[in-house]
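Keep in mind that what you see is a predicted model, and the values were worked out from it rather than measured. Lettering of chains follows the sequences in order, A, B, ..., and the numbering in each one begins at 1.
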Amino acid sequence: MATRSSFFLTTPIFYVNDAPHIGHAYTEVAADVLARWHRQAGDDTWLLTGTDEHGQKILRTATANGVAPKEWADRLVESAWKPLLEQIDISNDDFIRTTDARHEEGVAKFLQKLYDDGHVYAGEFEALYCVGCEEFKPKSEIVDGTGEFEGQKVCAIHSKPLELLQEKNYFFKMSAFQDRLLALYEARPDFVQPASARNEVVAFVQQGLEDLSISRTSFDWGIPIPWDESHVTYVWFDALLNYITAVGYGQDEAEFGRRWPANHLVGKDILRFHAVIWPAMLMAAGLEVPEHVFAHGWLLVGGEKMSKSKLTGIAPNEITDTFGSDAFRYYFMRAISFGHDGSFSWEDLAARYQAELANGFGNLASRVLAMNRKYFEGRVPERGTEEPADIAIRELAAEVALRADASIRGFAVHEAIAAIWELVDALNGYITEQEPWALAKDPERRARLGTVLYTATEGLRALAELLAPVIPRATAKLWTALGAEASFGALEAQPIREAGNWGRLLPGTEQGPLEVLFPRIETDAAGEGAAK
RNA sequence: GGGGCGUUAGCUCAGUCGGUUAGAGCAGCGGACUCAUAAUCCGUCGGUCGCGGGUUCAAGCCCCGCACGCCCUACCA
């Protein structure tokens, strides 16, 4: 039997009708960095993402565009969502669509089980309905009327009075799980992370849970309720189930047992669905609850939540076209404390690109390889006796590798990168202090020159391995240039938890040319972006 | 109304269990160096830790109150 530990990570599935923006990309990148790290560490990793395609809104836009909803979804998946993943180098292992047969069958099985076990009952759903919107309105879109509608409740969009209507719905007895949920949060304090998110969830559940309406009859674009096909499944109930239908629920028990339970990465706006409703659903079905639910923060632009309507919405390609996908990935993972809201600005992006990627890491690779070329005919230098400065670098590499791994296990991506960057900075300082260019002028200090450059080159090797999950393109180029590809094979196959082990590069190995990893970008490029 | 989170240097943020002169990066200023992407390295300037009380030998951290900001208060995916 395999003893590798399983790491199953999910992102929310995209609602196909949305336009991709950097908020979607941010979640995907975070998930991808975590997944790549675990995969490179040898964990049995599975990264799942996909699309949510049912619901009235999609039916409407499809109809408005004169096509069937499935065809509409097909188009959006191919033209918008899969390209987004490619644009930022997401290494997902699967892509599930809620219109996949495996999903629809799994949802039907799950519903039937809950129904058979008595967790679902038929009831009356009563709510305020807007004729203009042709739908029941959530509280957030109901306001007090003014003028002629004084004293009445009106629709926030149409400002017309709402009607109190009733509809037969099936309900999930979520209220029955209140105590078990509270016990879960109590027993596993890190079930919901970070702690601020956990507090919100606990407070919410303590207020008391109501049962959840899980079916609709007013439209038919959804998964039919198995025992009553005049109803379709409520979209959220449908969507959440993707996390198990994608890994064999009800179809492939071996695969399901291997993957489940998952770690869920979500935006804090959809935390409740994942930390309350979803675990309750799983409990009802007799399945294990997720391992962790981690809520990340929002991207703030000018101090406000990014939004299309305020013209602060940014498409990922606006950034990747200028700075590249590695820079996109690095910037959002490094600059934002994962789990908190974070400020985005073009100025900060451009500054960090230049200072950290170009001048810090890129230039480090460039100067070390240039000296190997100049002083050692483009080969890995011969290593001599170590001096304290060399030992300090070796020990730092081992230490940051350890710390970075611990941070990643705790979802602290920013912390992991900060730790690794200590090695980047230390290597730049080390080279300046050791002055290999001065050693090169004295034939008697040839052995020392070799040790210094070997140490610096090994440092690059460790950095390539440690940064591969974050900036896969640049590190792949570096890996090849180091001559490591020829010796050890693909970078992604290097065990990341051993990246700090010293002395792997073999002296004499031929190295290759290295193109500039992060070319300098004219400062007005950032200004141009900001003006868009 | 009830609840959560936040407020630390010009900017973006760390700050663990209360424990020495509150830290980093960027920006600014001064210097060193030349292997490198005019890059790197060193030094330096910079803070009433939102405000007011309290507990304590000791508070950025704990308690109370206040101000400001963001968020949650169930079916928008």
Side-chain angles (χ1 to χ4, degrees), chain A residues 12-18 51-58 98 125 127 135-141 169 171-172 174 194-214 216 234-240 267-273 276-277 297-298 300 303-305 334-337 340-345 347-348 351-352 354-375 414-415 418 421-422 425 427-440 452-453 456 514-521:
Chain A
I13 49 178
F14 306 116
Y15 195 63
V16 284
N17 247 17
D18 288 347
T51 43
D52 181 8
E53 309 183 6
H54 291 127
Q56 191 166 29
K57 280 190 183 173
I58 290 162
T98 55
F125 178 71
E135 64 190 10
F136 288 100
K137 305 305 294 183
K139 275 185 183 170
S140 57
E141 288 176 32
N169 275 182
F171 283 82
F172 165 49
M174 190 163 70
S196 53
R198 175 180 179 270
N199 291 344
E200 291 271 353
V201 167
V202 170
F204 174 76
V205 176
Q206 279 173 339
Q207 287 170 29
L209 292 179
E210 292 171 14
D211 290 341
L212 184 73
S213 155
I214 60 166
R216 296 290 185 273
Y234 166 51
V235 281
W236 259 112
F237 202 88
D238 168 354
L240 287 165
K268 66 182 185 183
D269 49 331
I270 55 172
L271 175 63
R272 183 174 316 138
F273 293 95
V276 181
I277 297 175
W298 286 330
L300 307 178
E304 293 189 354
K305 184 187 176 189
R334 174 69 196 264
I336 296 169
S337 191
H340 292 114
D341 290 353
S343 308
F344 167 83
S345 74
E347 292 75 14
D348 190 39
R352 282 181 182 274
Q354 173 122 322
E356 296 166 16
L357 290 174
N359 299 349
F361 178 65
N363 182 57
L364 172 67
S366 176
R367 64 198 299 216
V368 171
L369 285 166
M371 285 189 278
N372 286 348
R373 208 176 307 124
K374 204 162 176 174
Y375 307 136
H414 59 291
E415 227 175 70
W421 227 258
E422 287 180 32
D425 292 336
L427 282 167
N428 270 320
Y430 169 81
I431 291 165
T432 302
E433 282 162 24
Q434 298 302 316
E435 301 185 310
W437 51 90
L439 296 171
V452 169
L453 288 180
L514 179 69
E515 67 179 283
V516 170
L517 295 178
F518 297 98
R520 298 181 66 79
I521 289 167

Euclidean distance, [Y] [atom2] relative to [X] [atom1], rounded to 0.5 Å:
| X | Y | atom1 | atom2 | result |
| --- | --- | --- | --- | --- |
| A:L212 | A:N169 | CG | CG | 10.0 Å |
| A:F14 | A:T51 | CZ | OG1 | 8.5 Å |
| A:I431 | A:L453 | CD1 | CG | 7.5 Å |
| A:W298 | A:H340 | CH2 | NE2 | 14.5 Å |

Q.
Base, sugar-phosphate or nothing for A:K268? Non-hydrogen atoms, less than 4.0 Å.
A.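 Contact class for A:K268: none.
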ask   = Across the strands shown, which category fits A:G362 at heavy-atom distances under 4.0 angstrom: base, sugar-phosphate, nothing?
value =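 The residue A:G362 makes base contact.
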OP1 or OP2 of [N] sitting under 4.0 Å from any side-chain N/O of [X]?
| X | N | result |
| --- | --- | --- |
| A:T432 | B:C35 | no |
| A:H340 | B:A14 | yes |
| A:S343 | B:C13 | yes |

So which nucleotide does [N] pair with, by the Watson-Crick or G-U wobble rule with both distances under 3.5 Å?
| N | value |
| --- | --- |
| B:A67 | B:U7 |
| B:A32 | B:U40 |
| B:C13 | B:G23 |
| B:G18 | none |

| request: Could you check A:R352 against A:L357 for side chain to side chain contact (heavy atoms under 4.5 Å, CB included), going step by step and ending with a plain yes or no? | output: CA-CA 7 Å; A:R352 282 181 182 274; A:L357 290 174; over 6 Å; no
Round to the nearest Å and state the distance from [X] atom [atom1] to [N] atom [atom2].
| X | N | atom1 | atom2 | result |
| --- | --- | --- | --- | --- |
| A:D425 | B:G23 | CG | P | 19 Å |
| A:L439 | B:C35 | CG | P | 12 Å |
| A:W421 | B:A14 | CH2 | C1' | 18 Å |

**Message:** Using a 4.0 Å cut-off on heavy atoms, which residues in residues 195-202 of chain A reach RNA chain B? List them by number, or say none.
**Reply:**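 A:S196, A:N199, A:E200, in order of number.
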- Should the ring pair A:F172 and A:F237 be called parallel, tilted or perpendicular, given that the plane angle runs from 0 to 90° and is split at 30 and 60?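 A:F172 and A:F237: perpendicular rings.
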